[in-house]
Amino acid sequence: LSLGTNVVLGPGVNIKRDPRCGRNFEYYSEDPLLAGMMARSYIVGVQSEHVGTCLKHFCCNNKEDNRMFSDSIVSERALREIYLKGFEIAVKTAQPWLLMSSYNLLNGLFTSTSYELLTGILREEWGYQGAVTSDWGNSALEVFEVKAGNDIKMPFGYPQALQEAVEFNNLRREDLLNVARHIMELLLKLGD
(Lines give C-alpha, C1' and ligand atoms only; values in the text may rest on other atoms or scores of the structure.)
Protein backbone atom coordinates (compact mmCIF):
# COMPACT_ATOMS: atom_id res chain seq x y z
CA LEU A 1 0.00 0.00 0.00
CA SER A 2 2.84 2.41 0.73
CA LEU A 3 3.89 2.02 -2.91
CA GLY A 4 0.39 2.82 -4.17
CA THR A 5 -0.33 -0.79 -5.11
CA ASN A 6 -3.75 -2.14 -4.31
CA VAL A 7 -3.64 -5.41 -6.30
CA VAL A 8 -0.64 -7.73 -6.61
CA LEU A 9 -0.58 -9.77 -9.82
CA GLY A 10 0.06 -13.06 -8.09
CA PRO A 11 0.34 -15.72 -6.91
CA GLY A 12 0.83 -17.96 -9.92
CA VAL A 13 -0.07 -21.58 -9.26
CA ASN A 14 0.34 -23.22 -12.64
CA ILE A 15 2.17 -26.52 -12.52
CA LYS A 16 5.84 -26.48 -13.50
CA ARG A 17 5.90 -28.97 -16.37
CA ASP A 18 8.77 -27.77 -18.55
CA PRO A 19 11.98 -26.10 -17.34
CA ARG A 20 11.86 -23.82 -20.40
CA CYS A 21 8.56 -22.21 -19.39
CA GLY A 22 9.27 -18.49 -19.19
CA ARG A 23 6.91 -18.06 -16.26
CA ASN A 24 8.30 -20.77 -13.97
CA PHE A 25 9.76 -18.08 -11.74
CA GLU A 26 6.15 -17.09 -10.90
CA TYR A 27 4.94 -20.62 -10.14
CA TYR A 28 5.45 -22.54 -6.91
CA SER A 29 5.80 -26.20 -7.68
CA GLU A 30 5.31 -29.34 -9.73
CA ASP A 31 2.88 -30.48 -7.02
CA PRO A 32 -0.68 -29.08 -7.10
CA LEU A 33 -1.27 -29.56 -3.35
CA LEU A 34 1.91 -27.69 -2.44
CA ALA A 35 1.18 -24.93 -4.97
CA GLY A 36 -2.37 -24.51 -3.67
CA MET A 37 -1.35 -24.39 0.00
CA MET A 38 1.46 -21.88 -0.67
CA ALA A 39 -0.94 -19.73 -2.69
CA ARG A 40 -3.49 -19.86 0.13
CA SER A 41 -0.96 -18.57 2.65
CA TYR A 42 0.20 -15.82 0.30
CA ILE A 43 -3.35 -14.67 -0.47
CA VAL A 44 -4.44 -14.64 3.18
CA GLY A 45 -1.33 -12.70 4.20
CA VAL A 46 -1.47 -10.06 1.46
CA GLN A 47 -5.22 -9.52 1.66
CA SER A 48 -5.02 -9.13 5.46
CA GLU A 49 -3.20 -5.87 4.66
CA HIS A 50 -6.12 -4.67 2.46
CA VAL A 51 -4.23 -5.33 -0.75
CA GLY A 52 -5.85 -7.61 -3.32
CA THR A 53 -4.26 -10.62 -4.95
CA CYS A 54 -4.77 -11.93 -8.47
CA LEU A 55 -4.49 -15.71 -8.66
CA LYS A 56 -3.13 -16.67 -12.07
CA HIS A 57 -2.92 -18.01 -14.87
CA PHE A 58 -6.17 -19.98 -14.98
CA CYS A 59 -5.30 -22.58 -16.35
CA CYS A 60 -2.94 -24.99 -18.13
CA ASN A 61 -0.47 -22.18 -18.90
CA ASN A 62 2.62 -24.36 -18.71
CA LYS A 63 4.73 -23.56 -21.75
CA GLU A 64 6.50 -20.61 -23.27
CA ASP A 65 6.44 -21.30 -27.01
CA ASN A 66 3.28 -19.94 -28.59
CA ARG A 67 1.71 -19.47 -25.16
CA MET A 68 -0.87 -17.00 -26.52
CA PHE A 69 -2.31 -19.45 -29.04
CA SER A 70 -1.31 -22.91 -27.87
CA ASP A 71 -4.11 -25.39 -27.26
CA SER A 72 -3.69 -27.48 -24.12
CA ILE A 73 -5.51 -30.75 -24.80
CA VAL A 74 -6.17 -32.20 -21.37
CA SER A 75 -8.41 -35.03 -20.15
CA GLU A 76 -11.02 -34.27 -17.49
CA ARG A 77 -9.14 -36.36 -14.93
CA ALA A 78 -5.76 -34.71 -15.53
CA LEU A 79 -7.42 -31.29 -15.57
CA ARG A 80 -9.07 -31.85 -12.19
CA GLU A 81 -6.26 -33.73 -10.45
CA ILE A 82 -3.23 -31.80 -11.71
CA TYR A 83 -3.98 -28.48 -13.41
CA LEU A 84 -6.97 -27.19 -11.43
CA LYS A 85 -6.22 -28.57 -7.96
CA GLY A 86 -3.90 -25.73 -6.85
CA PHE A 87 -6.42 -23.14 -8.03
CA GLU A 88 -9.24 -24.99 -6.30
CA ILE A 89 -7.40 -25.06 -2.98
CA ALA A 90 -6.53 -21.36 -3.16
CA VAL A 91 -10.04 -20.28 -4.20
CA LYS A 92 -11.91 -22.38 -1.65
CA THR A 93 -9.64 -21.53 1.29
CA ALA A 94 -8.58 -17.93 0.59
CA GLN A 95 -10.96 -16.27 -1.93
CA PRO A 96 -8.52 -14.07 -3.89
CA TRP A 97 -10.11 -10.78 -4.93
CA LEU A 98 -9.09 -11.32 -8.57
CA LEU A 99 -8.33 -14.29 -10.77
CA MET A 100 -6.57 -14.02 -14.14
CA SER A 101 -7.50 -16.28 -17.03
CA SER A 102 -4.59 -17.51 -19.14
CA TYR A 103 -3.65 -16.76 -22.75
CA ASN A 104 -3.87 -20.30 -24.05
CA LEU A 105 -6.73 -22.36 -25.32
CA LEU A 106 -7.94 -25.31 -23.28
CA ASN A 107 -9.42 -28.14 -25.33
CA GLY A 108 -10.15 -25.77 -28.22
CA LEU A 109 -11.42 -22.67 -26.37
CA PHE A 110 -9.56 -19.67 -25.04
CA THR A 111 -9.70 -20.00 -21.26
CA SER A 112 -11.14 -16.48 -21.00
CA THR A 113 -14.11 -17.57 -23.16
CA SER A 114 -14.80 -20.90 -21.43
CA TYR A 115 -18.14 -20.76 -19.62
CA GLU A 116 -17.50 -24.23 -18.21
CA LEU A 117 -14.21 -23.09 -16.67
CA LEU A 118 -15.04 -19.55 -15.46
CA THR A 119 -18.67 -19.97 -14.45
CA GLY A 120 -19.30 -23.70 -14.13
CA ILE A 121 -16.18 -24.75 -12.24
CA LEU A 122 -14.86 -21.50 -10.74
CA ARG A 123 -18.06 -19.80 -9.60
CA GLU A 124 -20.67 -22.54 -9.33
CA GLU A 125 -18.57 -25.50 -8.10
CA TRP A 126 -15.93 -23.67 -6.07
CA GLY A 127 -17.99 -20.67 -4.93
CA TYR A 128 -15.60 -18.01 -6.22
CA GLN A 129 -16.86 -14.51 -5.36
CA GLY A 130 -14.23 -12.21 -6.92
CA ALA A 131 -13.65 -10.67 -10.32
CA VAL A 132 -12.00 -12.38 -13.30
CA THR A 133 -9.57 -10.55 -15.57
CA SER A 134 -7.97 -11.55 -18.84
CA ASP A 135 -4.21 -11.76 -19.21
CA TRP A 136 -2.67 -8.67 -20.85
CA GLY A 137 -3.39 -8.36 -24.54
CA ASN A 138 -4.99 -11.74 -25.08
CA SER A 139 -6.61 -12.49 -28.43
CA ALA A 140 -10.10 -13.55 -27.35
CA LEU A 141 -13.17 -11.50 -28.23
CA GLU A 142 -14.60 -9.75 -25.20
CA VAL A 143 -18.23 -10.52 -26.03
CA PHE A 144 -17.44 -14.22 -25.62
CA GLU A 145 -15.38 -13.44 -22.51
CA VAL A 146 -18.28 -11.63 -20.84
CA LYS A 147 -20.64 -14.49 -21.70
CA ALA A 148 -18.18 -16.91 -20.08
CA GLY A 149 -17.72 -14.91 -16.88
CA ASN A 150 -14.58 -12.87 -17.60
CA ASP A 151 -15.17 -9.40 -16.10
CA ILE A 152 -12.17 -7.27 -17.07
CA LYS A 153 -10.32 -7.02 -20.39
CA MET A 154 -6.70 -5.98 -19.92
CA PRO A 155 -5.05 -3.67 -20.66
CA PHE A 156 -8.04 -2.13 -22.45
CA GLY A 157 -11.30 -3.20 -24.02
CA TYR A 158 -13.75 -2.16 -26.67
CA PRO A 159 -16.98 -1.11 -24.96
CA GLN A 160 -18.61 -0.36 -28.32
CA ALA A 161 -18.33 -4.08 -29.18
CA LEU A 162 -20.26 -4.93 -26.02
CA GLN A 163 -22.85 -2.24 -26.71
CA GLU A 164 -23.38 -3.54 -30.25
CA ALA A 165 -23.66 -7.11 -28.97
CA VAL A 166 -26.44 -6.05 -26.58
CA GLU A 167 -28.22 -4.07 -29.32
CA PHE A 168 -28.15 -7.10 -31.66
CA ASN A 169 -29.19 -9.53 -28.89
CA ASN A 170 -25.82 -11.30 -28.92
CA LEU A 171 -25.19 -10.43 -25.27
CA ARG A 172 -27.64 -10.23 -22.41
CA ARG A 173 -27.91 -7.15 -20.23
CA GLU A 174 -27.79 -9.53 -17.27
CA ASP A 175 -24.26 -10.60 -18.29
CA LEU A 176 -23.10 -6.97 -18.23
CA LEU A 177 -24.77 -6.43 -14.85
CA ASN A 178 -22.82 -9.41 -13.46
CA VAL A 179 -19.59 -7.86 -14.77
CA ALA A 180 -20.49 -4.48 -13.21
CA ARG A 181 -21.33 -6.14 -9.88
CA HIS A 182 -18.03 -8.05 -9.74
CA ILE A 183 -16.03 -4.91 -10.58
CA MET A 184 -17.90 -2.76 -8.06
CA GLU A 185 -17.40 -5.37 -5.32
CA LEU A 186 -13.68 -5.37 -6.10
CA LEU A 187 -13.51 -1.57 -5.97
CA LEU A 188 -15.29 -1.56 -2.61
CA LYS A 189 -12.75 -4.04 -1.20
CA LEU A 190 -9.88 -1.88 -2.46
CA GLY A 191 -11.21 1.24 -0.74
CA ASP A 192 -9.34 4.36 -1.81
Side-chain angles (χ1 to χ4, degrees), residues 7 9-15 32-33 35-44 46-47 52-62 71-135 138 140-154 157 162 165-166 169-190:
V7 175
L9 296 178
V13 295
N14 291 91
I15 301 302
L33 175 64
M37 296 304 291
M38 291 177 72
R40 179 216 173 277
S41 296
Y42 181 90
I43 292 164
V44 168
V46 171
Q47 290 183 174
T53 59
C54 182
L55 186 64
K56 61 182 190 172
H57 301 93
F58 193 61
C59 66
C60 299
N61 184 252
N62 307 93
D71 191 357
S72 301
I73 306 298
V74 183
S75 71
E76 181 75 14
R77 181 174 180 182
L79 183 65
R80 297 287 186 151
E81 292 180 3
I82 299 170
Y83 298 101
L84 292 181
K85 186 54 75 177
F87 289 99
E88 180 182 8
I89 292 166
V91 166
K92 286 183 172 180
T93 62
Q95 283 292 329
W97 294 353
L98 269 166
L99 181 135
M100 183 183 293
S101 55
S102 55
Y103 285 125
N104 57 289
L105 291 86
L106 173 62
N107 296 330
L109 282 175
F110 282 108
T111 61
S112 63
T113 65
S114 173
Y115 183 89
E116 178 185 1
L117 190 63
L118 299 181
T119 298
I121 294 172
L122 182 63
R123 292 195 186 281
E124 293 172 0
E125 285 185 34
W126 298 349
Y128 181 62
Q129 301 297 312
V132 176
T133 182
S134 69
D135 206 340
N138 78 352
L141 297 174
E142 57 212 299
V143 170
F144 296 115
E145 289 179 327
V146 169
K147 286 181 177 183
N150 204 95
D151 303 305
I152 302 167
K153 180 76 167 180
M154 292 304 293
L162 298 177
V166 171
N169 293 320
N170 293 325
L171 184 64
R172 299 175 313 161
R173 187 172 188 271
E174 177 185 326
D175 294 326
L176 290 177
L177 291 175
N178 283 334
V179 165
R181 180 174 49 84
H182 296 145
I183 293 171
M184 289 306 298
E185 288 170 352
L186 174 63
L187 292 174
L188 289 172
K189 288 176 189 170
L190 296 174

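The structure displayed is predicted, hence computed values, not measured ones.
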Undergrad: Working to the nearest 0.5 angstrom, can you tell me the gap between Glu88 CD and Leu122 CG?
TA: 10.5 Å
Undergrad: So, the side chain of Lys56 versus the backbone of Leu9: is there a donor-acceptor pair under 3.5 Å, distance only?
TA: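 A pair under 3.5 Å: yes.
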Undergrad: Is a donor on one side and an acceptor on the other found under 3.5 Å between the side chain of Asp135 and the backbone of Ser101?
TA: no
Undergrad: Apply side-chain contact (heavy atoms from CB on, under 4.5 Å) to residues Ile152 and Leu98 and explain how you reach the verdict.
TA: CA-CA 10 Å; Ile152 302 167; Leu98 269 166; 4.1 Å; yes
Undergrad: Please confirm whether the backbone N or O of Leu177 pairs with a side-chain atom of Asp175, one donor and one acceptor, at under 3.5 Å?
TA: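 Pair absent, no side-chain N/O of Asp175 close to backbone of Leu177.
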Undergrad: Using a 3.5 Å distance criterion without hydrogens, assess whether the side chain of Ser102 forms a donor-acceptor pair with backbone atoms of Cys59.
TA: yes
Undergrad: For Ser75 and Ala78, which heavy atoms make the closest approach, and how far apart are they?
TA: OG-N, 3.1 Å
Undergrad: I'd like to know if the side chain of Thr93 and the backbone of Arg40 have a donor-acceptor N/O pair within less than 3.5 Å.
TA: no
Undergrad: Just how far is it from atom CD of Glu142 to atom OG of Ser134, taken to the nearest 0.5 Å?
TA: 8.5 Å
Undergrad: In Å and rounded to the nearest 0.5 Å, what is the CD to CG distance from Glu76 to Asn107?
TA: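 Separation between the atoms: 9.0 Å.
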Undergrad: Sub-3.5 Å donor-acceptor pair from the side chain of Asn138 to the main-chain atoms of Tyr103, do we have one?
TA: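 Side chain of Asn138 to backbone of Tyr103, a donor-acceptor pair under 3.5 Å: no, none is there.
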Undergrad: Which heavy-atom pair separates Ser72 from Cys60 by the least distance, and what is that distance?
TA: OG-O, 3.1 Å
Undergrad: Taking atom CD of Glu116 as the centre, does the number of heavy atoms from other residues, nucleotides or ligands within less than 6.0 Å exceed 12?
TA: no
Undergrad: So which atom in Ala90 and which in Leu55 form the shortest heavy-atom distance, rounded to 0.1 Å?
TA: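 Closest pair (atom of Ala90, atom of Leu55, distance): CB-CD2, 3.9 Å.
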Undergrad: For a 4.5 angstrom cut-off between non-hydrogen side-chain atoms, does Pro11 reach Met38?
TA: no
Undergrad: Which value, rounded to the nearest 0.5 Å, describes the distance between Ile121 atom CD1 and Arg80 atom CZ?
TA: 4.0 Å
Undergrad: Starting at NZ of Lys92, measure out to CD of Glu125 and round the result to the nearest 0.5 Å.
TA: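 Answer rounded to 0.5 Å: 7.5 Å.
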Undergrad: Between the side chain of Gln95 and the main-chain N/O of Ile43, is any donor-acceptor distance below 3.5 Å?
TA: no
Undergrad: Could you pull out the closest heavy-atom pair between Thr53 and Pro96, with the gap in Å?
TA: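 Looking at all heavy atoms of both residues, the shortest contact is OG1-CB, 3.5 Å.
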Undergrad: Counting neighbours of NZ on Lys85 that are heavy atoms of other residues, nucleotides or ligands and sit closer than 6.0 Å, is the number greater than 12?
TA: no
Undergrad: Just do the side-chain contact (heavy atoms from CB on, under 4.5 Å) check on Ile15 and Asn62 with the steps written out, would you?
TA: CA-CA 7 Å; Ile15 301 302; Asn62 307 93; 3.9 Å; yes
Undergrad: Could you tell me the separation between the CG atom of Asn170 and the NZ atom of Lys147, rounded to the nearest 0.5 Å?
TA: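 The CG atom of Asn170 sits 5.5 Å away from the NZ atom of Lys147.
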Undergrad: Would a 4.5 Å heavy-atom cut-off, applied to side chains only, mark Ile73 and Asp71 as touching?
TA: yes
Undergrad: If you apply the rule side-chain contact (heavy atoms from CB on, under 4.5 Å), what do you find for Leu106 with Leu79, and how did you get there?
TA: CA-CA 10 Å; Leu106 173 62; Leu79 183 65; 4.0 Å; yes
Undergrad: Tell me whether Tyr128 contacts the main-chain N or O of Ala131 through its side chain, where contact means a donor paired with an acceptor under 3.5 Å.
TA: yes
Undergrad: List the steps and the verdict of side-chain contact (heavy atoms from CB on, under 4.5 Å) for Phe110 and Phe144.
TA: CA-CA 10 Å; Phe110 282 108; Phe144 296 115; over 6 Å; no
Undergrad: Taking Leu117's backbone N and O only, do any of them form a donor-acceptor pair with Arg123's side chain (distance below 3.5 Å, no angle check)?
TA: no
Undergrad: Of all the heavy-atom pairs spanning Gly52 and Trp97, show the shortest one and how long it is.
TA: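 Gly52 and Trp97 have their closest heavy atoms at CA-CE3, 3.1 Å.
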Undergrad: Spell out, as yes or no, whether a donor-acceptor pair under 3.5 Å connects the side chain of Thr133 to the backbone of Met100.
TA: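 Judged by distance alone, no pair lies under 3.5 Å.
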Undergrad: Provide the closest heavy-atom pair for Leu171 versus Leu162 in the form atom of the first, atom of the second, distance.
TA: CD2-CD2, 3.9 Å
Undergrad: Phe58 and side-chain contact (heavy atoms from CB on, under 4.5 Å): which single residue from Val13, Leu118, Val91 fits?
TA: Leu118
Undergrad: State, yes or no, whether a side-chain contact exists between Leu141 and Thr113 at a heavy-atom distance under 4.5 Å.
TA: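 A side-chain contact under 4.5 Å is absent here.
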